[in-house]
Visitor: 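Let me give you the structure first, and then I'll get to my questions.
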Amino acid sequence: MTKLGAVVAGLFVVAACSAPAPVVAPPPSQPNPAPGAVHPAAPPGPYAFGTVQQKAPAIADGKVGVVRRITTTKPYVFITMDDGAVRDPSAPGLIQQSGGHPVLFLNQRYVKGHEAYFKSILDSTGATLGDHTVDHPNLKGKPLAYQQKQICDDADDFEHELGVRPVLFRPPFGNYDQNTLHAAQLCGMRVAVLWSAAVNDGHVQFQVGDKLRPGDIVLMHFRKTFKEDYEAFLAQAKKDGLTPVPLADFVG
């Protein structure tokens with residue numbers, strides 16, 4: 001056998017002996033089973049994604065709790081993507097290959113007519129669907145009925161059109177009042193999620209210090225700069241020694 005033939009034969013043996021990575025089935029309580037569908041190119045996780053690592057704050061007096069960052073000593077960071085206004089065709093592939101497991105806090109106004117795009121991300125990347133109201137109003141100071149309709153209609157539409165009902169909620173602009181937290185609870189939300197860092201125009205912006213910290217929840221948007229923003233987040237997380245993991249596992 002020639003040297004080239006031996007090399008080719010060896011490659012076939014390696015391919016035949018390689019077993020696909022096992023798929024971890026999420027528990028029944030996981031609102032979005034997509035973590036089991038992570039693309040093979042994604043890096044392995046530090047634990048079995050889809051398993052609850054921490055609980056959300058308890059609902060009290062009919063109001064969901066508010067989380068700005070996760071309390072943890074482990075080198076974990078969380079990425080969230082808001083609105084859905086610009087549907088960058090590179091987004092599904094970027095998220096797949098990175099294994100970032102974002103929460104998509106989406107508005108019905110941007111998803112309507114583009115359900116297939118967002119469903120492809122949810123089904124293939126390990127992303128979790130979040131509620132961000134129907135059309136992104138400032139909820140603070142609005143009547144309870146108005147706020148409830150904004151949150152519930154968003155969740156109802158996603159359940160019907162995307163096959164997933166979100167349980168994580170983000171108030172537009174980060175603005176909320178007690179009616180917001182009560183309306184979120186009435187709509188079946190588990191927690192209201194804010195953020196502790198953001199990415200804009202390819203630059204990570206910190207609320208504290210000059211680096212990402214374990215437990216930071218990072219905000220970015222579906223904008224024209226999606227690729228630059230997401231790659232800036234990944235680079236900063238790597239620089240700071242942090243691994244992106246699913247936020248849903250820490251507000252179970």
Side-chain angles (χ1 to χ4, degrees), residues 21 24 26-27 29-32 34-36 38-39 41-59 64-82 91 94-105 121 125-130 132 166-171 174 176 189-221 226-252:
V24 179
S29 60
Q30 179 73 8
N32 181 3
V38 177
H39 191 275
Y47 65 91
F49 291 159
T51 58
V52 175
Q53 303 296 301
Q54 292 185 31
K55 292 285 189 179
I59 291 175
V64 300
V66 179
V67 169
R68 184 178 297 275
R69 60 192 311 272
I70 299 298
T71 301
T72 181
T73 59
K74 296 184 177 180
Y76 299 156
V77 68
F78 310 92
I79 183 67
T80 62
M81 302 172 176
D82 279 16
L94 285 171
I95 299 170
Q96 271 189 349
Q97 292 164 18
S98 70
H101 293 85
V103 180
L104 313 185
F105 286 107
I121 297 177
T125 70
T128 299
L129 180 62
H132 199 38
V167 295
L168 307 183
F169 168 66
R170 170 166 284 164
Y176 67 93
M189 299 299 115
R190 180 185 298 158
V191 65
V193 179
L194 302 182
W195 59 91
S196 50
V199 192
N200 288 292
D201 298 323
H203 299 284
V204 180
Q205 300 168 333
F206 313 101
Q207 291 184 356
V208 175
D210 59 358
K211 65 180 181 179
L212 291 174
R213 302 165 292 163
D216 270 342
I217 298 172
V218 182
L219 163 70
M220 62 173 284
H221 294 80
F226 182 94
K227 184 176 186 294
E228 293 84 351
D229 291 349
Y230 190 54
E231 289 178 344
F233 160 72
L234 293 174
Q236 189 69 49
K238 182 177 181 180
K239 177 182 177 182
D240 297 332
L242 302 176
T243 300
V245 298
L247 177 61
D249 294 346
F250 288 78
V251 286

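The basis for the numbers below is simple: all heavy atoms, side chains too, and nothing from hydrogens, waters or symmetry mates.
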Visitor: Determine the sole option in Asp82, Ile217, Thr128, Ile79 for which the side-chain contact (heavy atoms from CB on, under 4.5 Å) test with Val103 is passed.
Guide: Thr128
Visitor: Just how far is it from atom CG of Leu242 to atom CG of Leu234, taken to the nearest 0.5 Å?
Guide: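 Rounded to the nearest 0.5 Å, the CG-CG separation comes to 12.0 Å.
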Visitor: Do Val245 and Phe49 have side chains that approach each other closer than 4.5 Å (heavy atoms only, starting at C-beta)?
Guide: yes
Visitor: Could you list the residues that satisfy salt bridge (Lys or Arg N to Asp or Glu O under 4.0 Å) with Glu231, not counting sequence neighbours?
Guide: Lys227
Visitor: Going by distance alone, is a donor N or O of one side chain under 3.5 Å from an acceptor N or O of the other, for Gln53 and Thr51?
Guide: yes
Visitor: Hey, are the side chains of Met220 and Phe226 touching, using non-hydrogen atoms and a 4.5 Å cut-off?
Guide: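 Side-chain contact under 4.5 Å: yes.
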Visitor: Please check: side-chain N/O of Arg68 versus main-chain N/O of Val193, any donor-acceptor pairing under 3.5 Å?
Guide: no
Visitor: Which heavy atom in Asp249 sits nearest to a heavy atom in Gly50, and how many Å separate them?
Guide: OD2-N, 3.2 Å
Visitor: Specify the closest pair of heavy atoms between Ala237 and Val77, including all atoms of both residues, with the distance to one decimal.
Guide: CB-CG1, 4.1 Å
Visitor: When rounded to the nearest 0.5 angstrom, what is the spacing between OH in Tyr76 and CG in Leu247?
Guide: 14.0 Å
Visitor: Can you see which heavy atom on Arg69 is nearest to which on Ser196, and at what distance?
Guide: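 For Arg69 and Ser196, the tightest heavy-atom pair comes out as CB-OG, 3.6 Å.
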Visitor: Run the numbers on Leu219 and Val199 for side-chain contact (heavy atoms from CB on, under 4.5 Å), then give the verdict.
Guide: CA-CA 6 Å; Leu219 163 70; Val199 192; over 6 Å; no
Visitor: Which heavy-atom pair separates Pro102 from Ile95 by the least distance, and what is that distance?
Guide: CD-CG2, 3.6 Å
Visitor: Do the non-hydrogen side-chain atoms of Ile70 and Phe78 ever get within less than 4.5 Å of each other?
Guide: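 Of all side-chain heavy-atom pairs linking Phe78 with Ile70, at least one is under 4.5 Å.
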Visitor: Roughly how far apart are Met81 CE and Phe233 CZ, rounded to 0.5 Å?
Guide: 8.0 Å
Visitor: Looking only at atom types and distance, does a side-chain atom of Arg170 sit under 3.5 Å from a main-chain N or O of Leu194, one as donor and one as acceptor?
Guide: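 Such a contact is found between Arg170 side chain and Leu194 backbone.
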Visitor: Would a 4.5 Å heavy-atom cut-off, applied to side chains only, mark Val66 and Pro57 as touching?
Guide: no
Visitor: Classify the ring geometry of Tyr47 against Phe250: parallel below 30°, tilted from 30° to 60°, perpendicular beyond 60°.
Guide: perpendicular
Visitor: Which heavy atom of Thr71 sits nearest a heavy atom of Gln54, and at what distance?
Guide: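 Nearest pair, atom of Thr71 first, then Gln54: O-NE2, 3.1 Å.
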Visitor: Which donor-acceptor pairs under 3.5 Å do side chains of residues 204-214 form with protein atoms, sequence neighbours excluded?
Guide:
unit_1: Gln205; atom_1: OE1; unit_2: Asn200; atom_2: ND2; d: 2.8
unit_1: Gln207; atom_1: NE2; unit_2: Trp195; atom_2: O; d: 3.3
unit_1: Arg213; atom_1: NH2; unit_2: Asp216; atom_2: OD1; d: 3.2

Visitor: Please report the closest heavy-atom contact between Leu94 and Tyr230, naming both atoms and the distance.
Guide: O-CE2, 3.7 Å
Visitor: Strictly distance-based, threshold 3.5 Å: is any side-chain N or O of Asp229 a donor or acceptor partner for the main-chain N or O of Gly202?
Guide: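 Flag set: sc Asp229 to bb Gly202 pair under 3.5 Å.
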Visitor: side-chain contact (heavy atoms from CB on, under 4.5 Å) for Val191 and Leu168? Distances and angles first, verdict last.
Guide: CA-CA 6 Å; Val191 65; Leu168 307 183; 3.7 Å; yes
